[in-house]
Protein chains: 2
Amino acid sequence: MLRISRLTDYGTLILVHLASRNGRLCSANDVATAVRIALPTVQKLLKLLASSGLAHSTRGAEGGYCLSRPPELISAAEILDVLEGPVAITECSIEDGHCHLEASCSVGSAWQRISKSMRTSLENVSLADLENPPASFPVIDLTPAHRASQRTSQRS
Amino acid sequence: MLRISRLTDYGTLILVHLASRNGRLCSANDVATAVRIALPTVQKLLKLLASSGLAHSTRGAEGGYCLSRPPELISAAEILDVLEGPVAITECSIEDGHCHLEASCSVGSAWQRISKSMRTSLENVSLADLENPPASFPVIDLTPAHRASQRTSQRS
DNA sequence: TCATATTGGACTAAAATAGTCCTATATTCG
DNA sequence: CGAATATAGGACTATTTTAGTCCAATATGA
């Protein structure tokens with residue numbers, strides 16, 4: 001859980017590589033060599049990144065890929081959206097709220113809300129942050145709002 | 001991504017049901033009826049919950065399952081650990097740090113750290129919270145530590 | 001026109017997930 | 001004791017997802 005797929009991992013690597021090239025074009029071949037992932041897989045991912053708008057592609061000889069925006073403006077949430085599909089911690093949270101489990105579904109809604117706040121927080125992490133990760137990311141406060149006041153001084 | 005499996009969803013439902021029974025024993029059959037999930041699946045999950053220590057089982061006639069602790073003392077992180085296996089956002093984050101991707105792996109390490117802080121935050125959400133979900137969970141601040149000071153007043 | 005690249009999609013293989021079933025063991029009650 | 005009720009443990013199958021490969025078409029530059 002909270003596991004990203006291998007392709008997403010690869011995809012991130014590729015994005016970081018493109019970021020390091022600072023806007024210069026990079027062919028699928030170049031990328032594959034640099035990140036040491038099989039060419040067909042890299043091609044597949046680059047196509048996905050380009051069609052989703054995270055990368056820009058140029059066809060033909062001397063063509064290649066580059067980021068469509070500076071890495072500071074690409075969020076981890078976006079990257080996950082593209083490479084893993086929409087972030088949704090449970091299935092029915094996608095089509096908000098209709099499963100066959102009726103009453104008990106209040107639980108699903110809790111997972112949904114947790115998922116939602118996680119997503120929101122991932123929007124504040126940029127590709128640039130992934131490129132040069134800080135020593136640590138701060139501990140998240142997922143505590144339900146109604147209890148929050150009781151434990152504000154928690155992290156010593 | 002950030003998707004939990006269907007079995008985890010079911011498992012949570014079952015735990016919430018047990019919580020609502022307030023310590024009284026509940027057979028697999030009772031649970032299956034209550035949560036409306038196929039009996040064999042419920043049996044499988046209850047066995048898992050019992051063997052992992054989240055639930056307590058009593059064999060024989062009049063036997064059944066109950067929570068091993070009050071719902072306030074069971075965290076979402078534990079539930080996920082049991083039902084989904086160890087939380088690890090990338091593969092190599094499990095066996096901390098050896099993949100064939102060498103230098104580029106600093107990225108993986110970033111995902112790892114994000115995953116880690118998410119997990120820590122899930123430790124502060126209890127089964128009781130899942131049972132009666134609050135209106136919303138607060139937005140998480142995942143901003144890297146070195147930028148945190150610049151945006152403390154972010155949530156207006 | 002040829003070499004270099006991306007595009008779009010089909011296709012196969014491998015692995016994880018979901019779901020079912022069977023036999024053994026423990027407990028209660030008549 | 002013996003029948004009924006439950007869990008325990010594990011094998012097993014089917015389904016779905018994920019990973020990975022390949023090919024024919026199109027675009028570009030020299």
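Below, chains carry the letters A, B, ... as their sequence lines are ordered, and counting in each starts from 1.
- The interatomic distance linking B:K44 (NZ) with C:dA16 (C1') rounds to 11 Å, in whole Å.
- Judged by distance alone, with hydrogens and angles left aside, the side-chain atoms of B:E84 form a donor-acceptor pair with the main-chain N or O of B:S5 at under 3.5 Å.
- A side chain to side chain contact (heavy atoms under 4.5 Å, CB included) with B:P71 is found for one member of B:L130, B:L18, B:N22, B:L127 and no other, namely B:L127.
- Taking atom CG of B:L83 as the reference point, atom C1' of C:dT17 lies 13 Å away to the nearest angstrom.
- Under the 4.5 Å side-chain criterion, counting only non-hydrogen atoms from C-beta, B:R69 is in contact with B:L54.
- Going from atom CG of A:L45 over to atom C1' of C:dT7 covers 15 Å, rounded to whole Å.
- Taking atom CG of B:N29 as the reference point, atom P of D:dA4 lies 17 Å away to the nearest angstrom.
- Scanning residues 46-66 of chain A for heavy-atom distances under 4.0 Å to DNA chain D yields A:R59, A:G60, A:A61.
- A straight line from CG of A:L25 to P of C:dA5 spans 11 Å, rounded to a whole angstrom.
- In this structure the side chain of A:N29 reaches within 4.5 angstrom of the side chain of A:L39, judged on heavy atoms.
- Remark on DNA chain C: of its neighbouring residues B:L7 and A:C26, the 5'-side contact belongs to A:C26, judged by nearest-heavy-atom nucleotide.
- Across the protein-nucleic acid pair, A:L39 atom CG and D:dT21 atom P stand 9 Å apart, rounded to whole Å.
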I'd like a table of donor-acceptor pairs (distance under 3.5 Å, sequence neighbours excluded) in which one partner is a side-chain atom from residues 41-50 of chain B, with atom names and distances.
none

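- Distance from the side chain of A:R6 is smallest to D:dG20 among C:dT6, D:dG20, C:dG19.
- Within a 6.0 Å radius of CD in A:E62, other residues, nucleotides and ligands contribute 12 heavy atoms or fewer.
- At whole-Å resolution of the value, CD in A:Q43 and C1' in C:dT7 are 11 Å apart.
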